[in-house]
Structures are given as C-alpha cells and as structure tokens.
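In this text, all values refer to a predicted model and were calculated from it rather than measured experimentally.
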Amino acid sequence: MSDGARVIVGVSGSLHSLTALHRAAEEARARQAVLVPVLAWTPVGGERNYRARPCPPLLRAWQELAEARMEGALEQAFGGLPIGAPVRPLVVRGEAATVLTALADRPGDLLVVSTGAQGGLRAGLRGLLRRSVARRCLARARGGVLVVPPSTLHEDLRALHRGIDLRELAAA
C-alpha cells in the first residue's frame, strides 16, 4: 500500500453510487490504496429539527438503518467486501458533500463521486440533490476528485422494461 493512500467514495445505495463504488474499487486496486466507502446521513427532517426535538433512540435507529444501507450497498456491488484492496467502510452523520470533502484531506487521497441521475422528470429532486453533491465536492475538495458518469445499465434496464409486454410473459 502506498503511503496511506485512500480512495474515498460516496455511497447511497443507488445504482449510480454503486457504479462509483465499482470504479473506486478499481482505482484503489490500481493505486494500492485503501478503499473507503462512505455513507453520510442526516436525521429525518434535518439537523435543525432534530436539535429542536432530540430523541436518542430514534437517532440510534437512523444510524442502524444507515449501517444496514452500507452493508446492502457493498453486498449489491460486490457480494460483500471487494477483493484486491483493503476496505474501511464508514457511516457518518452529516451532509454528504461536507463529510466527503472533510474526509478526503490527505495528500494522495482520491474522492470518487457519482453524478447521479441525469435530467428527466423521474430524476426529480433526489437527482438534483445527488448532482449537487458532486458539484459541491468538486468545488470544495482539496485533492483529486473523480466524477463517475451515470451507469448506462439503468437506462438499458428501463428501456428493456418498457419493451416487455407483461401480458405476453404471463401467457407464455
């Protein structure tokens, strides 16, 4: 491993973030670096609302849900932990772009983020927010940032789904 080099990747569990996770694993292997998948989360309703009405049991439940989402993302992407690079998953309470840029603070760190969904009505607010995380990471990062474009698999699956007549499948 080269001088504590790390490849830090934002993970949400979306298909787009799984694409970024795969790319980050490739980069970590090539650089002989530690792969650091990061899932950032905030309390439902936001930090301000939580501070106004704190509920520690609810906070623990949200943390556990975020940890389960990280495990699920690693399981979906690799069937567990990827082979070929050391992996140190992190689940951190905080806004994604802030957490990611704060973590990617060492010389030699590479931050990998996905652009998320591109346009369209279905992308909605969630797609806009994911894109803005990538934009904010690019603007704030002190080191290298690799922005991974959306997977073409998502559109391929959507096109395939539109092309299948479920009545024909049921009759077969």
Validation row: V9, H22 side chains within 4.5 angstrom (heavy atoms): no
Note, R88 side chain near R6 side chain (heavy atom, < 4.5 Å): no
Spacing of CG belonging to L21 relative to CZ belonging to F78, to within rounding of 0.5 Å: 4.0 Å
Nearest non-hydrogen partners of A5 and G108, listed with the distance: CB-O, 4.3 Å
Reported CD-to-CG distance for the pair E27 and L110, which is rounded to 0.5 angstrom: 5.5 Å
Lys/Arg N to Asp/Glu carboxylate O, E64 vs R60, below 4.0 Å: no
Heavy-atom side-chain proximity of R93 to E47 below 4.5 angstrom: yes
From CA spacing to verdict: side chain to side chain donor-acceptor pair (under 3.5 Å), T98, R136: CA-CA 8 Å; T98 302; R136 287 185 305 210; over 6 Å; no
CG on D105 to CZ on R142, rounded to 0.5 Å: 5.5 Å
Separation between CZ of R29 and CG of L35, rounded to the nearest 0.5 Å: 8.5 Å
CG-CD distance between L18 and Q76, expressed to the nearest 0.5 angstrom: 5.5 Å
D109 bridged to R31 by N-O distance under 4.0 Å: no
Within-4.5 Å side-chain heavy-atom neighbours: P43 and N49: no
Any side-chain heavy-atom pair of Q63 and V91 under 4.5 Å: yes
P89 vs E67 side-chain heavy atoms within contact, under 4.5 Å: no
